[in-house]
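Working notes, beginning with the structure itself.
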Amino acid sequence: EDGYNNAAQLSTTLYSQIKHEGKYTRNIHPIRGAHGIAETQYFMSNRNFDITNDTVFVMEMVGEQGDPNSQLIVNYGITDVAYGMPPNGQQEDTDLDDPTSGLQTNDARVLGGFLLDGKIQFVANTINPETGRAAFYHGFIENPESNKPTITGNIIGSDTLDYGYPNIAFSGKEDCEQQAIIGFDFSSINDHPGVGAIYFNNAGEYSDLQILVKGETYVDRLGPPSYVPGWERWGDYFGIQRKFNQPGAVYCNGYYGRGANTNSIWTSEVFSPDTNTTGGAVANGQNVVFPNPTNNEEYVNVQFSLDKQQNVSAYIYDMNGRIVEKIVEHKDCVGTNVLSFSTFPLESGTYVVKLLNEGGAEILSEKFIKN
């Protein structure tokens with residue numbers, strides 16, 4: 001706060017020689033608050049140079065800034081899916097017989113994370129042991145304040161692409177949601193370095209890779225006339241930022257191959273498919289569908305209220321009572337919720353959108369018109 005207020009001097013505290021059971025931790029990464037500043041400041045680390053490991057460190061800052069009794073507490077948990085040192089990413093000029101060739105991934109360090117409703121989601125580099133390719137790790141931490149936090153994870157990779165330098169941002173509205181957008185760099189022998197994103201929804205499902213930009217060329221910054229053999233730098237870090245005044249919108253900033261074997265940065269605005277990003281007015285406590293009528297350029301927003309957290313299914317029917325499309329099934333929150341969906345696949349006409357709770361009872365049934 002002092003920094004944002006342009007203070008002439010900032011109060012700082014240095015924590016050094018950070019160890020667990022006598023062994024140093026390294027590459028310590030701060031965990032951001034999903035909605036802004038986190039109520040509790042956590043940091044994370046792991047054994048990022050190990051071929052394989054299942055230990056994840058969760059560090060909690062206890063006490064106030066400037067308090068001599070404040071401390072950084074180091075705890076650890078064992079994750080259900082191990083991570084490991086990733087290989088270099090491949091590109092067009094990579095020598096497959098030289099493990100130092102390609103795009104450098106550095107190691108398996110934690111590279112991003114956020115805290116929401118007392119839980120942490122984080123991402124890190126890793127090897128995908130099923131393919132041997134560079135991939136990313138998406139992890140979840142329950143009770144991070146515990147001396148033995150519960151940690152689970154998934155390795156997200158591709159049979160044909162290497163993934164590197166992931167970062168993650170919350171893309172929902174309510175604390176009971178878990179949806180997130182994960183941005184990262186990708187490359188392969190046949191695909192020039194580009195930027196992609198994957199959406200993680202409230203039902204715990206991952207979208208397919210969404211390509212934000214394809215590379216124009218492979219990167220050879222270390223080529224002639226001052227040729228240096230070995231790896232090329234792969235950007236090292238991926239920028240991602242939630243747009244706080246537009247729920248569901250996230251900015252991604254990654255590395256791609258651009259003309260004459262150089263590299264540059266590509267920035268994209270990416271939207272959650274399950275969060276209202278229109279900025280339209282919402283009437284509290286009412287079940288409404290807006291805008292209505294709609295057209296190809298607009299999303300239909302369905303506002304509804306729940307008296308308890310539960311799974312909700314959404315369907316579109318034509319006027320003959322036939323199901324045209326099942327939109328989504330995911331967990332929604334107590335109070336007002338807004339579901340958004342595109343009308344682009346629909347023919348012009350009148351439709352009914354219906355929402356059902358997890359017991360099959362109807363929550364909402366409303367007509368809407370597509371022009």
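Tyr199 and Ile182 fall into different hydrophobic clusters, where Ile, Leu, Val, Met, Phe, Trp and Tyr side chains are chained together by heavy-atom contacts under 4.5 Å. By the rule that hydrophobic residues join a cluster once side-chain heavy atoms approach within less than 4.5 Å of another member, Met44 and Tyr83 end up as members of one cluster. Hydrophobic clustering (ILVMFWY, side-chain heavy atoms < 4.5 Å, transitive): Leu115 and Leu72 are in distinct clusters. Linking Ile, Leu, Val, Met, Phe, Trp and Tyr residues whenever their side-chain heavy atoms come within less than 4.5 Å leaves Leu212 and Ile265 in two separate clusters. There is no path of hydrophobic side-chain contacts, each under 4.5 Å, that joins Val123 to Ile127.
Between His29 and Phe43, the ring centre distance reaches or exceeds 6.0 Å. For Tyr165 and Phe238, the gap between ring centers reaches or exceeds 6.0 Å. Taking the six-membered ring wherever Trp is involved, the centroid distance between the rings of His35 and Phe170 falls below 6.0 Å. His138 has its ring centre no less than 6.0 Å from the ring centre of Phe122. Residues Phe184 and Tyr163 place their aromatic rings such that the two centres sit under 6.0 Å apart.
Side-chain atoms of Ser45 and Asn27 include no donor-acceptor pair closer than 3.5 Å. For the residue pair Asn263 and Arg221, a side-chain donor N or O sits within less than 3.5 Å of a side-chain acceptor on the partner.
A 6.0 Å sphere centred on NZ of Lys148 holds more than 12 heavy atoms belonging to other residues, nucleotides or ligands. Taking a 6.0 Å sphere around CG of Asn5, one finds it holds more than 12 heavy atoms contributed by other residues, nucleotides or ligands. Residue-environment remark: NZ (Lys308) stays at or below the threshold of 12 foreign heavy atoms within 6.0 Å. Counting heavy atoms of neighbouring residues, nucleotides and ligands inside a 6.0 Å radius, atom CD of Glu130 does not exceed 12 of them. Under a cut-off of 6.0 angstrom, the local environment of CG in Asp117 is crowded, with over 12 non-hydrogen atoms contributed by other residues, nucleotides or ligands. Within a 6.0 Å radius of CG in Asp67, more than 12 heavy atoms belonging to other residues, nucleotides or ligands are found. In the displayed structure, Ile37 atom CD1 is contacted under 6.0 Å by at most 12 heavy atoms of other residues, nucleotides or ligands.
A side-chain hydrogen bond (donor to acceptor under 3.5 Å, both in side chains) with Tyr137 holds for exactly one of Thr126, Asn125, Asn46, Thr79; it is Thr79.
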Checklist entry - Passes ring pair (Phe, Tyr, Trp, His ring centres under 6.0 Å), Phe200 versus Phe140? Steps please. => result CA-CA 12 Å; Phe200 177 72; Phe140 310 85; 5.5 Å; yes

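Remark: the backbone N or O of Gly239 is not paired with any side-chain donor or acceptor of Asn167 at under 3.5 angstrom. A donor-acceptor contact shorter than 3.5 Å is absent between the side chain of Ser101 and the backbone of Trp231.
Within the cation-pi definition used here (under 6.0 Å to the ring centroid, within 45° of the axis), Lys354 qualifies as a partner of Tyr317.
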